[in-house]
**Q** 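Quick one: this structure, given as C-alpha cells, is what I'll be asking you about.
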Amino acid sequence: MALTKVNDQRQDQRVDLALPAQISIGSQLSLQGSLKDLSLKSAFISMKSSVYLQMNDEVGFSIQCTPGKEEDLIQGQARISRISVGAGLAIYFTKMDDSSADRLKALLKA
C-alpha cells in the first residue's frame with residue numbers, strides 16, 4: 001500500500017484507503033460506506049446517502065481494518081465536518097479508545 005498525500009494544505013498526512021466503514025446515530029440508524037482517506041484526526045467516508053446527517057452532528061464510527069476480522073476495528077465518536085451530497089462525508093474524530101488509536105497509527109504507517 002503506497003502512502004499518498006491528498007492535499008498539501010492539510011496539517012496531517014492523509015492516506016488513500018478503501019476499507020469498509022460505518023456511521024451510526026445512536027442505536028437507531030447506521031449507514032454503511034467505504035473509507036476513502038484517513039489521517040490521525042479525520043476521515044472521508046464514501047456513501048451514497050447522508051440524508052439523515054447534518055454538519056456538526058455527533059456520530060459513532062467504525063472502520064474495518066482487516067476485512068473478515070470483526071475484532072480489528074477503529075471505532076469511536078466523531079463530528080461531521082463536511083458533507084458532499086452523493087459522494088460522502090468527512091468526519092473529525094472526537095473520542096477513540098487506546099486500542100483504536102493504536103490501530104489507526106499502525107494503519108497510517110503501513
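All values below were derived from every heavy atom in this structure, side-chain atoms included, with hydrogens, water molecules and symmetry-related copies excluded.
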**Q** Are L29 and F61 grouped together when hydrophobic residues (ILVMFWY) are joined by side-chain heavy atoms under 4.5 angstrom apart?
**A** yes
**Q** Among L73, I74, I63, find the residue that satisfies the side-chain contact (heavy atoms from CB on, under 4.5 Å) test when tested with S100.
**A** I74
**Q** To the nearest 0.5 angstrom, please state how far the CD atom of Q32 sits from the CD1 atom of I23.
**A** 10.0 Å
**Q** Run the side chain to side chain contact (heavy atoms under 4.5 Å, CB included) check on Q64 and L19 step by step: do they pass?
**A** CA-CA 6 Å; Q64 184 80 44; L19 297 170; 5.5 Å; no
**Q** Measure from the side-chain N and O atoms of T94 to the backbone N and O of Q77, and report whether any donor-acceptor pair falls under 3.5 Å.
**A** yes
**Q** Determine, stepwise, if the pair I45 / L31 fulfils side chain to side chain contact (heavy atoms under 4.5 Å, CB included).
**A** CA-CA 10 Å; I45 299 173; L31 302 170; over 6 Å; no
**Q** Check for me, please, whether L38 and I91 land in the same ILVMFWY cluster - side-chain distances under 4.5 Å, paths through other members count.
**A** yes
**Q** Do you know the tightest heavy-atom contact between M55 and S81?
**A** CE-O, 3.0 Å
**Q** Out of curiosity, S39 OG to F44 CZ, how far, rounded to the nearest 0.5 Å?
**A** 13.5 Å
**Q** To the closest 0.5 Å, what do you measure between CE (M47) and CD (Q22)?
**A** 8.5 Å
**Q** Are L40 and I80 co-members of a hydrophobic cluster defined by side-chain heavy atoms under 4.5 Å apart?
**A** yes
**Q** Roughly how far, to the nearest 0.5 Å, is the CG atom of L89 from the NZ atom of K36?
**A** 12.0 Å
**Q** If you measure from CD on Q75 to CZ on R103, what distance do you get to the nearest 0.5 Å?
**A** 7.5 Å
**Q** Is it the case that one hydrophobic cluster holds both Y92 and L104, taking links as side-chain heavy atoms less than 4.5 Å apart, direct or via other members?
**A** no
